[in-house]
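Whatever order the structure lists them in is the order used to number ligands and atoms, beginning at 1.
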Amino acid sequence: MSIQAMSDNQVPKHIAIIMDGNGRWAQQRNKKRTTGHKAGVERAREAIETAAKMQVESLTLFAFSSENWNRPKEEVSYLMELFIVALNREINALNKNNVRLKFLGNTKVFNSKLQQSIEQAEQLTAANTGLKLNIAANYGGRWDIVNSVNQWLIDSERMDTIDETTLSQYLSTNCLPDLDLLIRTGGEKRISNFLIWQAAYAELYFCDTLWPDFDANSLIEAINDYATRQRRFGKTGEQVSDK
Ligand code: FPP
């Protein structure tokens, strides 16, 4: 199915991507793992452009998990520098294209240069009304839930019990549509502590393509696959009318 032929509800409102396989992509070329991350940023750029073109409302990219601190020190430092460079290089183009950029995760532990770039980028694009682009950095799904409950405890002064709707409003993804499609590249079939609450009813798409090879057509293929799925949300197939 072409992009044009898709009706509104066939295009997921919210896509999240676990961009896996940078290291293996580089190793296959006898290059350092960091070369894979550099190539990965270009693919992230392409995914953002494609999502905007397809009028996806929200795109969430898993750039750095709370567990990624366990990687070799040089790789972590390289990634931090790469985030700063990429952010500073792309922010004006993102802003010009009406993209609203937000970071999900505990960014307070990043170095001050990166924190500053994040803050400036978020402020600059805060009023934009196009694609909601979220970069999950130092993000973990369990952290998100615990953080949400803690924030709620502060606000409610512990007088109340929490329900699903309230908890959702405290998660880092509040104001975003429900997650429709979760993509993981690189051959592994797991969620790895990414958006674990939000993925409750998401369609999952796993592919073997390593992230630096995941181009615009690969994303369109994933969206086309999504368009063939019947989403039931616990109902029977008969109860759910065709999309
Ligand atoms: C996974 O590959 C990728 C990461 C740990 C995150 C880094 C992602 C990028 C640099 C691309 C996008 C960046 C931005 C700023 C949006 P891996 O190292 O786990 O690969 P492997 O499984 O082959 O070792």
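When R33, E75, M19, Q27 are ranked by how near their heavy atoms come to atom 1 (C) of ligand 1, first place goes to M19. For atom 17 (P) of ligand 1, the candidate residues are E67, R24, R71; the nearest heavy-atom contact is made by R71.
With L59 as the fixed residue, the side chain to side chain contact (heavy atoms under 4.5 Å, CB included) test singles out one of L176, V99, I17: I17. The side chain to side chain contact (heavy atoms under 4.5 Å, CB included) with W197 is formed by just one residue from the set D144, T173, L167; it is L167. Between I15 and the options L182, T50, L181, a side chain to side chain contact (heavy atoms under 4.5 Å, CB included) holds for only L181.
Looking at atom 8 (C) of ligand 1, its nearest protein heavy atom turns out to be N22 ND2, 3.5 Å. The nearest heavy-atom contact from the protein to atom 22 (O) of ligand 1 is D20 OD1, 2.8 Å. At the top of the distance list for atom 6 (C) of ligand 1, counting protein heavy atoms only, stands A63 O, 2.9 Å. The nearest heavy-atom contact from the protein to atom 13 (C) of ligand 1 is V41 CG2, 3.9 Å.
Minimum interatomic distance between F194 and L61 (heavy atoms only, all atoms of both residues): CZ-C, 4.4 Å.
Close contacts of ligand 1 with F83, meaning ligand atoms under 4.0 Å from a residue heavy atom, involve 15 (C). Of all the atoms in ligand 1, the ones that sit under 4.0 Å from a non-hydrogen atom of G40 are 11 (C). Using a 4.0 Å cut-off to heavy atoms of N68, the atoms of ligand 1 that qualify are 5 (C).
The pair R184-E188 fails the salt-bridge criterion, with no side-chain N (NZ, NE, NH1 or NH2) lying under 4.0 Å from an Asp/Glu carboxylate O. Between R100 and E57, no side-chain nitrogen of the basic residue sits less than 4.0 Å from a carboxylate oxygen of the acidic one, so the salt-bridge criterion is not met. Salt bridge present: E203 and R229 bring a charged side-chain N and a carboxylate O closer than 4.0 Å.
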